[in-house]
Structure formats: structure tokens, C-alpha cells
Asker: 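Here it is: the structure, laid out below.
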Amino acid sequence: MDLLSDRFRDPLSTEYDFIGSIVVRCPGCTKAARVVPAPGAGDSGERMLFRRRRLVCRGCGLSREWSGRLLALPRGTAEPVTDPYFGLPLWLQAETRHGWLWAYDLEHLDLIRRFVQASLRERAPWYETGPRLTLVARLPAWIKRAKNRDEILRAVSRIHASPLAA
């Protein structure tokens, strides 16, 4: 049974599977806030990526709406990452000597952790239907390298230890 914990099979998740709830730093009180779909946003037939969003902070009560059409998806890991809707810094990110490790939410961070700690990393079989450019396939090379495993797992632990008040 111990061998199964060292094995990772790509669940075919994409970045868009984790965009439903994004943990960000609140511009009002600098505590953790969430960017979530606005109530009733799924009724309009829009794609998940372009649905109206709401920024909600439990710390200070801040609430903002986003209903625009322009998004700024993360590009690279050379600098701190912001959320695609409001441009606020992500709460779940840490700097390493190779670049910034980031995640939209704890589920996203857990997927990265499971991938990095696995000694056997399996991609989906060629005959499997589904997306080819999965989240795991699109991870930067420095995260995929086994020689960086300990450093990445330490960064994941630092991110997990951050107080998640939202």
C-alpha cells in the first residue's frame, strides 16, 4: 500500500477547474478574501471563466463586483501572481529561488503537493479523452524536476501554514 502514495496519476484538471474560488489578499484589511461567482451568475449561459465575480472579505466586510470582459491570467512565475479578475495578489503563494509557487485555493495547492511529492508521475494514456494541456502538464519545469522536490514541498508547507481566515 505504501507504493500507492508515491504514485500520481494526472486527474486531467485544468487551471479553469480551480477558478471557482480564488483566495486573495483583501485590499481593505490585507487579510484573506475570496473571489467567487456572483449569485445568479450561472444563469446567463456565459462560460465559467467570464461569469460575474464577487470579491468578499469576512475580515472587513468588503464586497466588490466584477462583470467585465478583460482577464489577466497568470503568465510565468518570475513575479508575484494576481487573480485574473480584480488584479489582487493571491494569498496562497511563496517565493522560491526558482520563481513563485502559487495556487488559487487549497485544493489547487494540494494537487501541486501530490504531484511534487510523488516519485512516479503518470500522464493520462494517449487514448484517454479530455484536455491535453492539463494543469500538471503546464507546470513550470523547475516544479517538475525531482532535484527541486524538497524545496517545493517546503514552499507548499509555508503556504499551508499561512493563516487562512477566509
Side-chain angles (χ1 to χ4, degrees), residues 8 10-117 130-144 151-166:
F8 177 87
D10 191 347
L12 303 178
S13 300
T14 65
E15 182 177 349
Y16 308 112
D17 293 331
F18 300 100
I19 214 158
S21 177
I22 303 171
V23 185
V24 297
R25 186 170 304 279
C26 177
C29 66
T30 68
K31 292 184 180 176
R34 290 195 184 272
V35 176
V36 296
D43 305 336
S44 61
E46 293 176 304
R47 289 182 43 204
M48 173 67 163
L49 187 60
F50 296 105
R51 290 184 184 154
R52 284 188 354 255
R53 300 289 166 153
R54 178 173 284 169
L55 169 67
V56 181
C57 178
R58 288 184 183 173
C60 65
L62 179 72
S63 179
R64 291 187 183 159
E65 289 272 338
W66 177 90
S67 59
R69 290 282 174 218
L70 296 176
L71 296 174
L73 293 171
R75 300 222 182 245
T77 59
E79 54 192 32
V81 178
T82 60
D83 83 282
Y85 300 101
F86 295 96
L88 299 172
L90 293 183
W91 185 265
L92 302 173
Q93 61 181 327
E95 187 173 18
T96 69
R97 64 188 169 126
H98 305 286
W100 285 83
L101 179 68
W102 60 271
Y104 284 134
D105 61 7
L106 290 174
E107 186 180 351
H108 184 186
L109 186 64
D110 185 57
L111 177 73
I112 294 170
R113 181 195 53 78
R114 288 185 292 119
F115 172 78
V116 170
Q117 77 182 14
R132 291 288 163 221
L133 284 177
T134 65
L135 179 87
V136 170
R138 294 179 62 144
L139 285 173
W142 61 269
I143 293 177
K144 294 179 182 180
E151 181 180 358
I152 304 303
L153 290 175
R154 280 193 305 272
V156 167
S157 294
R158 279 197 321 267
I159 294 170
H160 250 293
S162 68
L164 190 57

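What's counted below: heavy atoms across the whole structure, side chains too, no hydrogens, waters or symmetry copies.
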Asker: Output yes when a side-chain donor or acceptor of Arg25 lies under 3.5 Å from a complementary backbone atom of Thr30, and no otherwise.
Answerer: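 Between the backbone of Thr30 and the side chain of Arg25 there is a qualifying donor-acceptor contact (under 3.5 Å).
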
Asker: Any heavy-atom pair between the side chains of Leu111 and Phe8 that's under 4.5 Å?
Answerer: yes

Asker: Which heavy-atom pair separates Gly20 from Pro37 by the least distance, and what is that distance?
Answerer: O-CD, 2.9 Å

Asker: For the residue pair Thr96 / Trp142, report whether a side-chain donor-acceptor contact shorter than 3.5 Å exists.
Answerer: no

Asker: Give, for atom NZ of Lys31 and atom SG of Cys60, the distance between the pair rounded to the nearest 0.5 Å.
Answerer: 8.5 Å

Asker: Decide side chain to side chain contact (heavy atoms under 4.5 Å, CB included) for Ile22 and Phe86; before the verdict, give the C-alpha distance in whole Å, the side-chain angles of both, and the deciding distance to 0.1 Å.
Answerer: CA-CA 11 Å; Ile22 303 171; Phe86 295 96; over 6 Å; no

Asker: Would you please test Val156 and Val116 for side chain to side chain contact (heavy atoms under 4.5 Å, CB included) and show each step?
Answerer: CA-CA 10 Å; Val156 167; Val116 170; 6.0 Å; no

Asker: Within the structure provided, determine whether Pro84 and Val35 are in side-chain contact (heavy-atom separation under 4.5 Å).
Answerer: no

Asker: Would you say Cys29 and Leu62 make side-chain contact, with heavy atoms under 4.5 Å?
Answerer: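 Side chain of Cys29 against side chain of Leu62, heavy atoms only: no contact under 4.5 Å found.
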
Asker: State the CG-CZ distance between Leu92 and Arg158, to the nearest 0.5 angstrom.
Answerer: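 With rounding to 0.5 Å, CG (Leu92) is 13.0 Å from CZ (Arg158).
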
Asker: At their closest point, which heavy atom of Trp91 faces which heavy atom of Ala32, and how far apart are they?
Answerer: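 That closest heavy-atom pairing would be CZ3-N, 3.4 Å.
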
Asker: Among Leu135, Leu139, Asp110, find the one that has a side chain to side chain contact (heavy atoms under 4.5 Å, CB included) with Phe115.
Answerer: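 Among Leu135, Leu139, Asp110, the one meeting side chain to side chain contact (heavy atoms under 4.5 Å, CB included) with Phe115 is Leu139.
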
Asker: Please examine the side chains of Leu106 and His160, heavy atoms only from C-beta on, and report whether any two atoms are closer than 4.5 Å.
Answerer: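 Yes, side chains in contact.
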
Asker: On a heavy-atom basis, which atom in Asp105 and which in Ser21 lie closest, and how many Å separate them?
Answerer: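 Heavy-atom minimum between the residues: CB-O, 3.4 Å.
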
Asker: Shortest non-hydrogen contact from Ala155 to Ala94?
Answerer: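 The pair with the smallest heavy-atom distance is O-CB, 4.2 Å.
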
Asker: Please examine the side chains of Thr82 and Leu88, heavy atoms only from C-beta on, and report whether any two atoms are closer than 4.5 Å.
Answerer: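 No, side chains not in contact.
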
Asker: Does CD belonging to Glu79 count more than 12 external heavy atoms closer than 6.0 Å?
Answerer: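 Not buried by this count: 12 neighbours or fewer within 6.0 Å.
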
Asker: Could you tell me the separation between the CZ atom of Arg34 and the CZ atom of Arg53, rounded to the nearest 0.5 Å?
Answerer: 13.0 Å

Asker: What are the two closest heavy atoms between Ala38 and Glu65, and how far apart are they?
Answerer: CB-OE1, 3.7 Å

Asker: Heavy atoms, side chains only, cut-off 4.5 Å: are Thr77 and Leu101 in contact?
Answerer: no

Asker: Does any N or O in the side chain of Arg52 come within less than 3.5 Å of the main-chain N or O of Pro39, such that one atom is a donor and the other an acceptor?
Answerer: yes

Asker: Tell me every residue that passes salt bridge (charged side-chain N to carboxylate O under 4.0 Å, His left out) with Arg97, counting only those two or more places apart in sequence or in another chain.
Answerer: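 For Arg97 the salt bridge (charged side-chain N to carboxylate O under 4.0 Å, His left out) partners, ignoring immediate neighbours, are Glu151.
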
Asker: Check the pair Thr14 / Leu133 against side chain to side chain contact (heavy atoms under 4.5 Å, CB included), numbers first and verdict last.
Answerer: CA-CA 7 Å; Thr14 65; Leu133 284 177; over 6 Å; no

Asker: Is there a side-chain contact between Pro27 and Arg64, using heavy atoms and a 4.5 Å cut-off?
Answerer: yes

Asker: So, do Pro80 and Gln93 sit near enough that their side-chain heavy atoms are less than 4.5 Å apart?
Answerer: yes

Asker: Would you please name every residue forming a ring pair (Phe, Tyr, Trp, His ring centres under 6.0 Å) with Trp102, sequence neighbours left out?
Answerer: Tyr104, His108

Asker: Would you please name every residue forming a salt bridge (charged side-chain N to carboxylate O under 4.0 Å, His left out) with Glu95, sequence neighbours left out?
Answerer: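 In terms of salt bridge (charged side-chain N to carboxylate O under 4.0 Å, His left out), with neighbours along the sequence ignored, Glu95 is linked to no residue.
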
